[in-house]
Amino acid sequence: MHIEKVIIENLKCFKGQFSLTLNKGLNILVGDNETGKSTVLDSIHLALSGLLHGRYFKLQMTQDIFNNDVRDEYLENIRQADCSRSIPLPPHILIEIFIGGIEDDSLKALFEGNGNSTRQKACGVQFKVSLDEAHQPYYEELIKSGDIQSIPTEYYHFTWSSFARDDRVTPISIPIKSAPIDSSSNRYQDGSDIYISRILKDHLDLANKIKIDQAHRKMKDAFNNDPAIKKVNELIKDAINISDKKVELSVDLSSKNAWESTLTTYLNDVPFHHVGKGEQCIVKTKLALSHKKSLQANVLLLEEPENHLSHTKLSQLIRHIQGSNDEKQIIISTHNSFVANKLGLASLILLNVDQETGLRKETRLNDLNPETKAYFEKLAGFDTLRLILCKKAILVEGDSDELVIQKAYLLSHSGRLPIQDEIDVISVGTSFLRFLEIAEKISKPVTVITDNDGDVEALKEKYANYLGVNEKDFIKIYCDETEDTGDLTIGKNKRPFNYNTLEPKLVKANGLAKLNAILGTSYESEGDLHRYMKANKTECALRIFDTDADIKFPQYIIDAVG
């Protein structure tokens with residue numbers, strides 16, 4: 001079984017109804033902060049388990065779980081309504097889980113129907129937070145009193161029902177299960193990481209749990225019978241007269257499994273909470289992927305698995321995720337390009353905000369060219385998510401080009417760097433066309449600044465899909481259309497020098513004297529300066545970026561950054 005689709009309405013950042021179709025296997029959620037990645041994971045687990053952030057939902061049912069705009073509109077309606085005639089209904093929250101792969105006829109009879117917001121026949125479950133009809137009279141009296149400043153969640157309840165309109169559904173009876181894994185959270189109590197203690201507990205059978213409870217109780221007895229503790233308790237009894245009952249120090253065993261919060265997990269004799277964050281992340285994720293609940297679960301929910309991990313550790317974790325759960329549906333949220341590239345851009349779902357409506361929307365890359373998918377998977381270091389998540393991108397060939405373009409932008413925009421305007425300058429090597437394929441799929445505004453390498457016609461042919469009759473208004477290609485030549489040769493083989501890259505174009509725009517002053521050199525010929533700049537691209541770019549001199553840039557760069 002797997003989740004085919006999830007619908008979320010009025011929960012947190014989701015105003016109105018948001019629908020997300022999921023892949024049967026792997027799903028990678030990416031997006032800027034506050035676009036709803038975590039809320040999607042939380043919603044799925046809430047609808048399937050009744051838990052939010054590890055706690056029962058009834059303990060967290062406040063107005064803060066509602067979308068802010070929905071809350072404000074409701075309160076404004078209350079202020080403007082004539083409550084003597086009609087009482088505005090308070091907003092509701094809805095989560096619907098469409099379940100695929102149910103083969104059991106009895107389960108189909110219980111969960112299949114059109115009792116969902118789309119009215120389509122499907123298998124699934126609906127979780128709804130709404131006004132309790134039993135509290136309707138009290139709610140109406142509250143509204144008429146005029147004393148309301150927030151959503152009155154004290155009159156709310158939450159219910160489950162199947163798409164067959166059976167309201168006897170509970171999390172226990174829902175056939176699909178979810179296992180959330182948030183490796184970034186550390187919940188400590190008395191120095192113990194509760195998360196890992198509970199995972200370890202889930203590996204134990206009942207007999208071993210009882211043995212631990214008994215051993216823990218013996219610790220209490222030994223503590224209470226220690227002569228030093230007895231003496232301390234006698235002093236307390238004599239010194240503190242606060243009750244006619246006995247007051248003493250002891251060990252808390254009041255909860256059913258008190259050892260979860262008082263015993264500490266050790267790795268190589270080091271308490272778990274003193275181990276490095278990266279190691280904690282790997283241990284937690286691997287344990288969570290292998291413990292009983294995830295083995296029984298159909299859906300694994302991973303929140304930013306890259307937290308605190310080095311590149312090599314992250315690579316190990318990704319291999320573990322790929323290799324351990326072939327039969328499960330996995331939904332991962334990430335900000336990491338390596339995670340997205342390595343697991344596959346075909347599984348990527350971009351969550352973003354529609355600039356016109358302000359509502360959340362999704363974009364997919366599942367129809368990328370197979371060669372492009374394979375390219376980014378094999379060369380996973382490319383910052384594809386920088387392109388996907390920025391407002392606009394400027395693509396350049398190398399790191400030195402990136403610095404020069406940023407300087408040109410700085411001078412053209414009153415001292416602002418591109419990133420301050422949410423424009424990311426990205427070095428992509430020779431992969432311009434592969435990045436443009438992604439940009440085209442998501443309609444991302446992109447500017448390409450490239451060398452003509454002495455053959456403008458070949459360049460135009462290369463970018464034919466984005467120039468002339470095929471021009472797309474959000475993708476612009478800039479190069480110098482003049483093909484410069486000269487007699488300079490370089491290297492032992494006396495290869496002809498390429499006068500049509502960025503550095504010689506800068507020499508052409510500024511002249512020998514000015515470039516010598518900026519670079520701190522004293523070459524007497526442009527040929528010698530060309531050789532120096534070719535051999536020291538990064539150093540030259542840094543000096544150009546840092547200079548206060550009145551440097552000039554080729555016209556194609558001025559046009560591109562303008």
Side-chain angles (χ1 to χ4, degrees), residues 32 311 335-338 340-341 375-376 379-439 444-453 459 462-463 466 474-480 498 500-510 515 518-520 529-530 532-549 551-562:
D32 207 348
H311 185 78
H335 286 113
N336 188 283
S337 293
F338 182 78
N341 294 345
Y375 181 83
F376 284 117
L379 300 174
F382 278 112
D383 287 324
T384 50
L385 291 196
R386 283 177 59 187
L387 171 70
I388 291 168
L389 298 179
C390 67
K391 182 178 179 180
K392 178 180 178 180
I394 299 176
L395 304 184
V396 298
E397 185 171 333
D399 295 337
S400 57
D401 305 72
E402 184 177 334
L403 283 169
V404 172
I405 298 307
Q406 293 208 50
K407 179 67 173 184
Y409 189 97
L410 188 78
L411 295 177
S412 299
H413 292 80
S414 305
R416 294 196 315 278
L417 286 169
I419 200 65
Q420 292 174 286
D421 293 331
E422 299 181 75
I423 299 173
D424 206 347
V425 183
I426 308 172
S427 171
V428 300
T430 58
S431 305
F432 287 109
L433 290 178
R434 300 195 186 279
F435 275 83
L436 288 180
E437 185 180 347
I438 295 174
K444 177 69 63 177
V446 170
T447 292
V448 170
I449 302 178
T450 183
D451 304 328
N452 70 40
D453 288 325
L459 193 71
K462 176 180 179 180
Y463 294 104
Y466 308 101
F474 57 90
I475 294 177
K476 302 294 183 185
I477 313 296
Y478 289 91
C479 71
D480 191 331
N498 186 355
N500 294 283
T501 62
L502 177 59
E503 288 79 17
K505 295 292 184 180
L506 285 169
V507 174
K508 179 182 176 182
N510 291 275
L515 258 297
I518 291 172
L519 301 179
L529 183 58
H530 285 321
Y532 172 79
M533 293 184 73
K534 180 175 176 61
N536 300 275
K537 285 177 175 283
T538 303
E539 176 63 24
C540 292
L542 284 168
R543 287 185 175 272
I544 289 169
F545 185 85
D546 290 334
T547 188
D548 292 326
I551 187 170
K552 297 185 182 300
F553 293 93
Q555 188 60 43
Y556 73 99
I557 291 179
I558 295 172
D559 293 340
V561 301

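- Scanning all heavy atoms of the two residues, the minimum distance from C540 to Y532 falls at SG-CE2, 3.6 Å.
- For the atom pair CD (E402) and OG (S427), the distance works out to 6.0 Å, reported to the nearest 0.5 Å.
- With rounding to the nearest 0.5 Å, the separation of CG in D559 from OH in Y478 is 6.5 Å.
- With sequence neighbours left out, D451 forms a side chain to side chain contact (heavy atoms under 4.5 Å, CB included) with E397, D453, T501, L502, Y556.
- For A439 against L387, the heavy-atom pair with the smallest separation is N-CD2, 4.2 Å.
- Nearest heavy-atom pair, K505 versus N500, reported as atom, atom and distance to 0.1 Å: NZ-OD1, 3.3 Å.
- Rounded to the nearest 0.5 angstrom, T547 OG1 and K407 NZ are separated by 6.0 Å.
- Between the side chain of K444 and the main chain of I388, a donor-acceptor pair closer than 3.5 Å is present.
- Of all the heavy atoms in H413 and V561, the pair that sits closest is CE1-O, 2.7 Å.
- With a 4.5 Å cut-off on side-chain heavy atoms, F435 and V448 do not count as touching.
- Note that CG of D480 is 9.0 Å distant from CD1 of I557, once rounded to the nearest 0.5 Å.
- With rounding to the nearest 0.5 angstrom, the CD1 atom of I449 is 3.5 Å from the CD1 atom of I405.
- Taking 4.0 Å as the cut-off between side-chain N and carboxylate O, K534 and E503 do not count as a salt-bridged pair.
- Rounded to the nearest 0.5 angstrom, L389 CG and T384 OG1 are separated by 9.0 Å.
- The side-chain hydrogen bond (donor to acceptor under 3.5 Å, both in side chains) check on N452 picks up nothing, with sequence neighbours excluded.
- For the pair V396 and V404, the minimum side-chain heavy-atom distance is 4.5 Å or more.
- Atom NZ of K508 sits in a crowded spot, with more than 12 heavy atoms from other residues, nucleotides or ligands closer than 6.0 Å.
- Only one option out of D424, I423, I419 pairs with D421 in a side-chain contact (heavy atoms from CB on, under 4.5 Å); it is I423.
- Side chain of R416 to backbone of Y409: no donor-acceptor contact under 3.5 angstrom is found.
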